[in-house]
Amino acid sequence: MSVQLVLRRLQRDKDAEMKAPFSSRFTVTVAALSVFVASSTLKPSAVLAQGGIRDAEIEALIADYSNPILRAAGLGSQNIRIHLINDRSFNAFVVDGQNMFLHVGSIMKSSTPNQLIGVIAHEAGHIEGSHISRMQTQIARAQTAALFFQLLGIASMAAGAFGGGGNDLAEGGAAIMYGGQSAAMRSFLNYKRAEESAADQAAVRYLNVTKQSSRGMIETFKLFLEQSSTAGRGVDPYAQTHPLPQERIASLQQLAVTSPYFGQKDSPDLQLRHDMVRAKLDAFINKKNRAVVFRDYPDSNQGLPARYARSIATCYSQGSRAALPLIDQLIAAQPNNAYFHEFKGQCLMEEGGSMNEAIPPLRTAVKLAPRASLIRVLLAQALLASNNNAVLNEAVENLKLALVNETTNAAAFTQLANAYARLNKQADAELATANAYFHRGRFTDAKMQAKRAQAGFPLGSPNWLKADDIINFQPPKRRG
């Protein structure tokens, strides 16, 4: 296949990505939930059913919150990933032993770092306690019990209907069936409440190990209490998967106040970073509604988070030229803040249409935060869009470095394929294309591209083997 044809095959995906550029800046991706377990070491990425948010600044902050907690839980070497979901509700959950999901609403509604760290500690407690795998066993038991009662009920109903026993027996069969299902479900929910309590206790232990307060957890549960009081009264406590907030607050209060770190407060620097991220989220979510941002962050508020929010709102409502003076003021206040330089480049790309002007601030951002892989992806995108062949190798180098950590970033592989194609490196372009398709779940296309790529590499070479992994990958069959 020619290089030109490779480019044409990628154009549809590339066009979509350029309209909503994938980078370390606040961006949303939407796809079907697709979590695979395979015997091969090669696995596709798990993508989200809801909007998944990627942002270098937010992810760096969450990593600083979570890493000490995960180490305290003995999970530091398990490569646990925290995914941000574009949902304004306060929620977090785990689905297995390697993935934690955090609603951005949990960040926006947490007034202190400690509150959010407590949420992360609680979810780490579920992972460390293997609650997900145990829960699956409990679900199976509940289903088995429910099935038993259902079969018994059907037998009784059949006897009543056809054995001359009358309606009383048939109604008795229905009572057995529905009553048995209810008992099975209550048994499962009782187990789930016990696991939630265990995760709370584990969270307090992790916070103590890391010399942090558990006060934030109590404050969070009080928030839940307010929500539950408005959501509905008279709720059956035995039909809840979580202990009622009043019970959790009382239990936690007894445990937390005994900690020598209960009075510990977040550092001013950490609080500022937390406030900056909250302002950033608020501004991006409302970026097309400048009035909301300026209501929440009026000109009278000259704090750095408020100025950050206003610069974002200005960029997306009035364009880059109006926003640049505000962004430059942020940079003057914190010249070593990589994310201010990153946003300057992003604003120029998205609202100014100037790829060449975006490159210098993005290069500065990469220099200040060399491990921020998503910023490298954005820089590479600007380099490729500049249509300057002299910077193609720089784009390739940034993408290769980014993909060391962003191993499942389909958009980065698409950009890499584009760069290789323009450099006339056909086999490399086809292999990058195969990876892009693979991590989008398009396995048939991925295998076809991998076969073409493999023909261009020496037998047994590293790239030949990478292509071979894709060729031989077998997606697991869907259950049910």
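Every value quoted in this text rests on a predicted model; they were computed, and no experiment measured them.
Checked by atom type and distance alone, the side chain of His274 pairs as donor or acceptor with a backbone atom of Ser110 at under 3.5 Å. With hydrogens and angles disregarded, a donor-acceptor distance shorter than 3.5 Å links the side chain of Asn67 to the backbone of Ala63.
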Exercise for the section: Let me see the working for Ile53 and Phe284 under side chain to side chain contact (heavy atoms under 4.5 Å, CB included), right down to the final yes or no. Expected result: CA-CA 11 Å; Ile53 290 176; Phe284 266 106; over 6 Å; no

Practice task
Assess whether side-chain hydrogen bond (donor to acceptor under 3.5 Å, both in side chains) is satisfied between Glu350 and Tyr316, documenting all intermediate values.
Solution key: CA-CA 9 Å; Glu350 295 183 358; Tyr316 290 102; 2.6 Å; yes

Practice task
Evaluate side chain to side chain contact (heavy atoms under 4.5 Å, CB included) for Asn463 paired with Gln454, printing each intermediate quantity in order.
Solution key: CA-CA 8 Å; Asn463 282 341; Gln454 195 175 50; over 6 Å; no

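In this structure, the side chains of Ile62 and Ile107 come closer than 4.5 Å at one or more pairs of heavy atoms. Contact annotation: the side chain of Asn418 never approaches that of Phe413 to less than 4.5 Å [non-hydrogen atoms, C-beta and beyond]. Here the side chains of Lys344 and Asp328 are in contact, with some heavy-atom distance below 4.5 Å.
Side chain to side chain, Gln98 and Asn79 fail the donor-acceptor criterion of an N or O pair below 3.5 Å. No donor-acceptor contact under 3.5 angstrom links the side chains of Asn409 and His439, judged on distance only. At a cut-off of 3.5 Å, with distance as the only test, no side-chain donor of Asn91 or Asp87 sits close to an acceptor on the other residue. A donor-acceptor pair shorter than 3.5 Å cannot be found between the side chains of Gln264 and Gln212. A donor and an acceptor atom, one from each side chain of Tyr206 and Glu128, are located under 3.5 Å apart.
Residues passing the salt bridge (Lys or Arg N to Asp or Glu O under 4.0 Å) test with Arg290, sequence neighbours excluded: none. For Glu394, the salt bridge (Lys or Arg N to Asp or Glu O under 4.0 Å) criterion is met by Arg363, not counting sequence neighbours. Residues satisfying the side chain to side chain contact (heavy atoms under 4.5 Å, CB included) test with Asn289, not counting sequence neighbours, are Ala291, Val292. With sequence neighbours excluded, the residues satisfying ring pair (Phe, Tyr, Trp, His ring centres under 6.0 Å) with Phe340 are Tyr308. With sequence neighbours excluded, no residue forms a side chain to side chain contact (heavy atoms under 4.5 Å, CB included) with Ala455. Taking the salt bridge (Lys or Arg N to Asp or Glu O under 4.0 Å) definition, one finds that Glu357 meets it with Arg321, sequence neighbours left out.
Between Phe473 and Phe443, the angle of the ring planes lies from 30° to 60°, which puts this pair in the tilted group.
Residue Lys447 qualifies as enclosed at atom NZ: its count of foreign heavy atoms under 6.0 Å is above 12.
When each of Asn435, Asp445, Thr414, Thr408 is tested with Arg440 by the rule side-chain hydrogen bond (donor to acceptor under 3.5 Å, both in side chains), just one qualifies, namely Thr414.
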